[in-house]
Peer 1: 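Handing you a structure now.
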There are 2 protein chains.
Amino acid sequence: MADESTVLDLSQLRRSCSSCALSDLCLPAGIGGDDLEKLDMAIRDKRMLDRGGALYRDGDPFHALYVVRSGSLKTFVQDDTGAMQILGFHLPGDIVGFDALATDRHVSQAEALERSSICELPYDRLQQVTSEVPALHRQLMRVVSREVVEEHRHTVVMGRQQAQEQLAIFLKSLSDRYQRLQRDGSMLTLSMSRYDIANYLGLVVETVSRLFSRLEEMGVLEVNRKAVTIRRPDLLAELCRSSSTSPSRQRDNG
Amino acid sequence: MADESTVLDLSQLRRSCSSCALSDLCLPAGIGGDDLEKLDMAIRDKRMLDRGGALYRDGDPFHALYVVRSGSLKTFVQDDTGAMQILGFHLPGDIVGFDALATDRHVSQAEALERSSICELPYDRLQQVTSEVPALHRQLMRVVSREVVEEHRHTVVMGRQQAQEQLAIFLKSLSDRYQRLQRDGSMLTLSMSRYDIANYLGLVVETVSRLFSRLEEMGVLEVNRKAVTIRRPDLLAELCRSSSTSPSRQRDNG
DNA sequence: CGTGGACTTGAAATGACTCAAGGCCGGTGG
DNA sequence: CCACCGGCCTTGAGTCATTTCAAGTCCACG
């Protein structure tokens, strides 16, 4: 799966949403034949990023949206002291860069977690196509809305009081995303570090490490560095909503 | 401020983005005269909500975006057990409802925190106008991008380890929003309950209550139920980045 | 004036953090 | 090929902030 991009002929993959396995996940979803050709015209050459390579940095002028083709990214913000907060992990089919639309400058950063291939969608070309293809406009709004909903999910995870619950939800959601990509949802390859996971969840790395060990002891997971196997999906699902019985968060008491 | 909406003539306010004090904050920002008229056509009658009144519920079919004109809202999700997670608090000029664009159904809820006046923007009309006014399309993307960035901010707050820091940032950000609305940023009226604040930050209500007391003891705030006065903005700003010296979150160690 | 919900406060329990040490692995250079 | 190094990860012990549990107060409202 990791070397897919190196095996395929790069030039062949240029401008070919129709031939892309992700077409029904990312932008072209629900867009017909002729319009798809027009969309292809808006896509610039793919871009390869090595692990740690930056797709964009805080303050960069906005000029494109990006689709992950293979590999994975993290997006994050850093405050003036250099403290980082991870905003999301992005798998193939995910689109990043929406943060810059408001101010024409990126206000977050995107970085490859492993060798990754990225589709670049220059925004001026995209706008041009959008004006010709109303369906694409609608689709673009859908995609950015998906982003909003995805961040709601992140908020819900961070709002949990129990760290174990947070990690369980994180793993389950990763598993779900794997399945949507036709991968085996029980065999996760965590391209992000434990530090990243901890940061994403608002925890410290030791807590995350201990939780992995605990979940392994419980027989839920089999952990081997970055390779995590979900042995008991049923138990994992259980843990996602276990101690949600805390009364203060229980209801809508406004 | 709370009775502004009742003082003004309701019918006069209908379809009048140009006469709205919020015009440079919400959708019409950066849209010229003629186009503004067209936009006005997309706006349906205003809607009043009483405290606790629902603007939309989880599962409701999508048909409009909403602008807060006066008052305030909270948006939140509830899981199957009824546990709530607050996603945001929304002041005049804020637009809500973007969550539904992806699936044509709302996947969150919006509820008034006090008597509030809402502009309704039926999406089909909006789309119609959008096709005639390209600048509006661009503006719409800007606005939803602002939403994305705003949620990033929420994520950063929730990621903090110290509850006091979280509350300080929450109050400071509320103060900043007040100032953008030409209000006195040092006199906050918390229309949301302590439960809501706690939930929004991922804490329990007792912790929030204690923190208010502590901040008052420290001379930072003067707390009087829902009325909070910021006595020492300098100290408050200090607290926002105080204990950010925790090493695990410090840098980008991926 | 009484009731109920929101809020506050105290005391105790606990789960996550901090600090510290050690293990593991991949990469590098001899 | 092996030894060394450094970063990532794990584990342990102790501390502490936050949660939990339990009263009790305040205020709005009927």
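A, B, ... follow the sequence lines: proteins, then strands. Residue 1 opens every chain. Note that the coordinates shown come from a computational prediction; the quantities given were computed from them, not determined experimentally. No hydrogens, no waters, no symmetry mates; every other heavy atom, side chains included, goes into these values.
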Peer 1: Taking only side-chain N and O atoms of B:Arg225, does any of them lie within less than 4.0 angstrom of OP1 or OP2 on D:dC27?
Peer 2: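 So the side-chain polar atoms of B:Arg225 never come under 4.0 Å of the phosphate oxygens OP1 or OP2 of D:dC27.
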
Peer 1: Let me know the distance between CG of B:Leu167 and P of D:dA17, rounded to the nearest Å.
Peer 2: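 So the CG-P distance, B:Leu167 to D:dA17, works out to 17 Å.
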
Peer 1: Would you say A:Gln162 places a side-chain N or O within less than 4.0 Å of OP1 or OP2 belonging to C:dA16?
Peer 2: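 For C:dA16, OP1 or OP2 has a side-chain N or O of A:Gln162 closer than 4.0 Å.
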
Peer 1: Can you check the A:Phe212 CZ to D:dT10 P distance for me, whole Å?
Peer 2: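 Result: 8 Å.
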
Peer 1: Report the distance from atom CD of B:Glu165 to atom P of C:dC17, rounded to the nearest whole Å.
Peer 2: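 These atoms are roughly 14 Å apart.
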
Peer 1: Taking the side chain of B:Val204 as heavy atoms from C-beta outward, which of D:dT19, D:dT10, C:dC17 is closest to it?
Peer 2: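 In terms of side-chain proximity for B:Val204, the closest of D:dT19, D:dT10, C:dC17 is D:dT19.
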
Peer 1: Given D:dT18, D:dC9, D:dA22, identify the nucleotide with an atom nearest to the side chain of A:Tyr195.
Peer 2: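 Selected nucleotide (nearest to the side chain): D:dC9.
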
Peer 1: What nucleotide, of D:dT11, D:dT18, C:dC17, holds the atom closest to the side chain of B:Leu203?
Peer 2: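 For B:Leu203, the side-chain atoms sit closest to D:dT18.
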
Peer 1: Donor-acceptor check, side chain of B:Tyr200 to backbone of B:Phe89, threshold 3.5 angstrom: yes or no?
Peer 2: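 It does not hold such a pair.
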
Peer 1: Check this for me, if you would: do A:Arg160 and A:Glu165 make a salt bridge, where the nitrogen-to-carboxylate-oxygen distance has to be below 4.0 angstrom?
Peer 2: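 Yes.
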
Peer 1: Mind calculating the distance between CD (B:Glu206) and C1' (D:dG24) to the nearest angstrom?
Peer 2: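 Nearest whole value for this atom pair: 13 Å.
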
Peer 1: Separation of B:Met158 atom CE from C:dA16 atom P, in whole Å?
Peer 2: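 One finds 15 Å between P of C:dA16 and CE of B:Met158, rounded.
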
Peer 1: How about A:His152 and B:Ser108: does a side-chain donor come under 3.5 Å of a side-chain acceptor?
Peer 2: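 No donor-acceptor contact under 3.5 Å links the two side chains.
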
Peer 1: B:Leu215 pairs by side chain to side chain contact (heavy atoms under 4.5 Å, CB included) with which of B:Leu171, B:Ile230, B:Val223, B:Val228?
Peer 2: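 Running side chain to side chain contact (heavy atoms under 4.5 Å, CB included) over B:Leu171, B:Ile230, B:Val223, B:Val228 with B:Leu215 returns exactly one hit, B:Leu171.
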
Peer 1: Between C:dT8, C:dC17, D:dT20, which one does the side chain of B:Arg210 approach most closely?
Peer 2: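 Selected nucleotide (nearest to the side chain): D:dT20.
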
Peer 1: How long is the line joining CG of B:Leu201 and P of D:dT18, in whole Å?
Peer 2: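 So the CG-P distance, B:Leu201 to D:dT18, works out to 12 Å.
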
Peer 1: Identify which nucleotide among D:dT19, D:dT18, C:dA16 has an atom closest to any side-chain atom of A:Arg214, counting heavy atoms from C-beta outward.
Peer 2: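 Closest of the options to the side chain of A:Arg214: C:dA16.
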
Peer 1: Can you tell me how far C1' of D:dA17 sits from CG of B:Leu239, to the nearest Å?
Peer 2: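 To the nearest whole Å, that distance equals 16 Å.
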
Peer 1: Salt-bridge test for A:Glu111 and A:Arg57: reply yes if a basic N is under 4.0 Å from a carboxylate O, no otherwise.
Peer 2: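 A salt bridge links A:Glu111 with A:Arg57.
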
Peer 1: Quick check for you: among D:dA17, D:dT11, C:dT9, whose closest atom lies nearest to any side-chain atom of B:Ser213?
Peer 2: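 Output: C:dT9.
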
Peer 1: In whole angstrom, give the distance that lies between atom CG of A:Leu211 and atom P of C:dC17.
Peer 2: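 Roughly 9 Å, once rounded to whole Å.
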
Peer 1: Which is more 5' along DNA chain C, the nucleotide nearest A:Thr207 or the one nearest B:Lys226? Just name the residue.
Peer 2: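 Closest to the 5' end, via its nearest nucleotide, is B:Lys226.
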
